[in-house]
A.B. asks: 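First the structure, then my questions, so here it is.
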Amino acid sequence: MKSFEEQFYIENPTRFEALKRDLLLLLWLFRRAIMWAGKGLIIRLAYKKAKNTGKPLVIEDLIKD
Amino acid sequence: MKKDFPSPELPFAYRDQPLSGNIINGLGETNKRAATQIFHGSGARELEWSKLELFFGLINPFKVSWLNLVNRWMLRDADGPIAKSKRKITSQADITAEIKDLALSFGAGSVGTSPLIKEALYKGGEINYANAIVILYPMDSDEMQHVTTGRAGTETMRAYMEISRTAIELSKKIRAMGWRARAYCEGADLLHIPLAINAGLGQLGKHGSLICREFGSSMRIATILTDLPLDHDRPIDIAVDDLCIGCRRCTIDCPVDAISDEKHMVRGDDKWYVDFDKCVPYFTEAVGCGICIEVCPWSKPDRGFSLSEKLLKKREKNKLKELI
């Protein structure tokens with residue numbers, strides 16, 4: 001697994017490398033945004049319910065491997 | 001400061017608790033070894049508490065999450081093109097002063113320099129630079145009065161963005177001089193606090209965060225690693241321990257009692273230590289928490305210099321008394 005730095009920090013990139021990096025980073029950010037809006041919404045609703053009912057959420061049930 | 005902090009009874013839990021963060025951190029270990037990432041990471045490796053970190057990211061308010069993504073987009077310029085002709089350095093002192101002036105002009109609140117020490121690297125981390133320029137950026141104290149809410153979380157992310165922008169601008173300037181430079185900001189595989197201490201910016205406080213005279217603990221840290229030859233600052237004594245030993249503000253106000261009144265042996269060093277297993281789940285619940293750094297007496301605006309001076313004078317007086 002590559003770190004954020006390994007994926008998107010490029011020392012002395014060519015124009016093509018920089019463009020490729022920008023596109024990949026946009027895709028990475030888009031995926032994160034979709035996850036926050038999709039899976040995140042489900043988790044936030046469950047979290048709100050857990051707060052109101054007092055029945056704790058189980059992390060492993062929400063976030064699978 | 002508002003005191004209606006979230007309850008320590010958390011609405012979430014692990015079914016099978018991950019390995020204790022205190023064990024991973026080396027609490028009680030007398031041998032020196034590198035630190036291991038547990039919770040916040042750059043994605044390089046699977047972290048023991050990564051599910052909680054993802055959960056934290058997903059329950060964060062929209063604005064905090066949005067600013068985080070904008071910050072990540074900015075960070076693509078943390079490294080980049082290096083000028084072909086290398087600027088000759090005739091005086092390290094002059095170039096160090098120039099770099100510090102540049103950092104301040106780009107918005108840094110404080111700046112120091114250090115060699116890249118091994119204590120700043122996580123286990124298995126390989127970073128090949130000679131020097132570190134450490135910068136601090138203050139958070140807005142009025143906004144941070146609202147810790148444990150999205151408002152303070154948003155201010156924290158804003159500060160991260162500002163310090164990223166500053167660090168990136170500085171790294172670009174160094175690369176334009178023909179020297180390698182890379183900005184390490186939020187979520188990077190680098191331990192900023194040991195570097196900041198070595199760069200003479202402050203000392204470790206009881207709450208496990210850096211304390212500096214300018215902003216107390218109410219600031220963010222970023223580091224620019226470079227091969228540009230620089231003079232190094234030295235660690236300073238601003239009398240943090242003199243206050244922390246007797247002060248109990250953070251230990252009392254921490255809702256989960258994660259902060260200890262005594263130092264502990266951690267990976268061969270006797271130092272202030274925060275109980276990871278108590279702190280991090282509450283940090284997740286409380287939008288990044290931050291209670292301890294905001295209640296810290298050092299974090300009151302314009303207090304640090306006079307407080308440090310007073311404590312150092314008191315120490316001298318006590319030494320004299322002992323001699324007499």
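Labels below follow one simple rule: chain letters A, B, ... track the order of the sequence lines, proteins then strands, and each chain is numbered from 1.
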A.B. asks: Does any backbone or side-chain atom of A:Y9 lie under 4.5 Å from a heavy atom of chain B? Answer side chain, backbone, both or neither.
C.D. replies: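 It is both, since atoms from each part get that close.
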A.B. asks: Please walk me through it: do A:L29 and B:W73 pass side chain to side chain contact (heavy atoms under 4.5 Å, CB included)?
C.D. replies: CA-CA 8 Å; A:L29 293 171; B:W73 175 245; 3.7 Å; yes
A.B. asks: What's the verdict on side chain to side chain contact (heavy atoms under 4.5 Å, CB included) for B:W66 and A:W36, showing C-alpha distance, side-chain angles and the deciding distance?
C.D. replies: CA-CA 10 Å; B:W66 174 248; A:W36 188 87; over 6 Å; no
A.B. asks: Checking B:N68 against chain A: side chain, backbone, both or neither under 4.5 Å from a heavy atom?
C.D. replies: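 Side chain only.
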A.B. asks: Would B:L52 and A:I59 satisfy side chain to side chain contact (heavy atoms under 4.5 Å, CB included), going step by step from the backbone distance to the final call?
C.D. replies: CA-CA 7 Å; B:L52 189 64; A:I59 299 277; 3.7 Å; yes
A.B. asks: Is it the backbone or the side chain of A:K64 that comes under 4.5 Å from a heavy atom of chain B, or both, or neither?
C.D. replies: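 The backbone, not the side chain.
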A.B. asks: Strictly less than 4.5 Å between heavy atoms, which residues of residues 14-25 of chain A line up against chain B? Please order them by number.
C.D. replies: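 If one takes a 4.5 Å heavy-atom cut-off, the residues of residues 14-25 of chain A near chain B are A:R21, A:D22, A:L25.
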A.B. asks: Are any non-hydrogen side-chain atoms of B:F12 and A:P56 less than 4.5 angstrom apart?
C.D. replies: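 In short, these two side chains do not touch, never coming nearer than 4.5 Å.
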A.B. asks: Which atoms of B:L75 come close to chain A, meaning under 4.5 Å heavy atom to heavy atom: side chain ones, backbone ones, both, or neither?
C.D. replies: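 For B:L75, backbone and side chain are both near chain A.
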A.B. asks: Tell me, side chain or backbone of A:L62 under 4.5 Å from chain B's heavy atoms, or both, or neither?
C.D. replies: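 Contact with chain B is through the side chain of A:L62 alone.
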A.B. asks: Mind checking the OG-CE spacing from B:S65 to A:M35? Nearest 0.5 Å is all I need.
C.D. replies: 12.0 Å
A.B. asks: Check each atom of B:A183 against the heavy atoms of chain A and say whether the ones under 4.5 Å are side chain, backbone, both or neither.
C.D. replies: backbone
A.B. asks: Looking at A:R32, A:E11, A:K49, which has the largest count of heavy-atom pairs under 4.5 Å with chain B?
C.D. replies: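 Max contact count across the listed options: A:E11.
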A.B. asks: Heavy-atom distances under 4.5 Å only: say whether B:R180 touches chain A with side chain, backbone, both or neither.
C.D. replies: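 For B:R180, side-chain heavy atoms alone lie under 4.5 Å from chain A.
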A.B. asks: With a 4.5 angstrom heavy-atom cut-off, which part of A:L26 approaches chain B: side chain, backbone, both or neither?
C.D. replies: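 It is both, since atoms from each part get that close.
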A.B. asks: Using side chain to side chain contact (heavy atoms under 4.5 Å, CB included), reason through A:D61 and B:R15 one step at a time and then give a plain yes or no.
C.D. replies: CA-CA 9 Å; A:D61 291 345; B:R15 184 182 294 113; 2.6 Å; yes
A.B. asks: Parallel, tilted or perpendicular: which one describes the rings of B:F55 and A:Y47, with boundaries at 30° and 60°?
C.D. replies: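 Rings of B:F55 and A:Y47: perpendicular, as their planes differ by over 60°.
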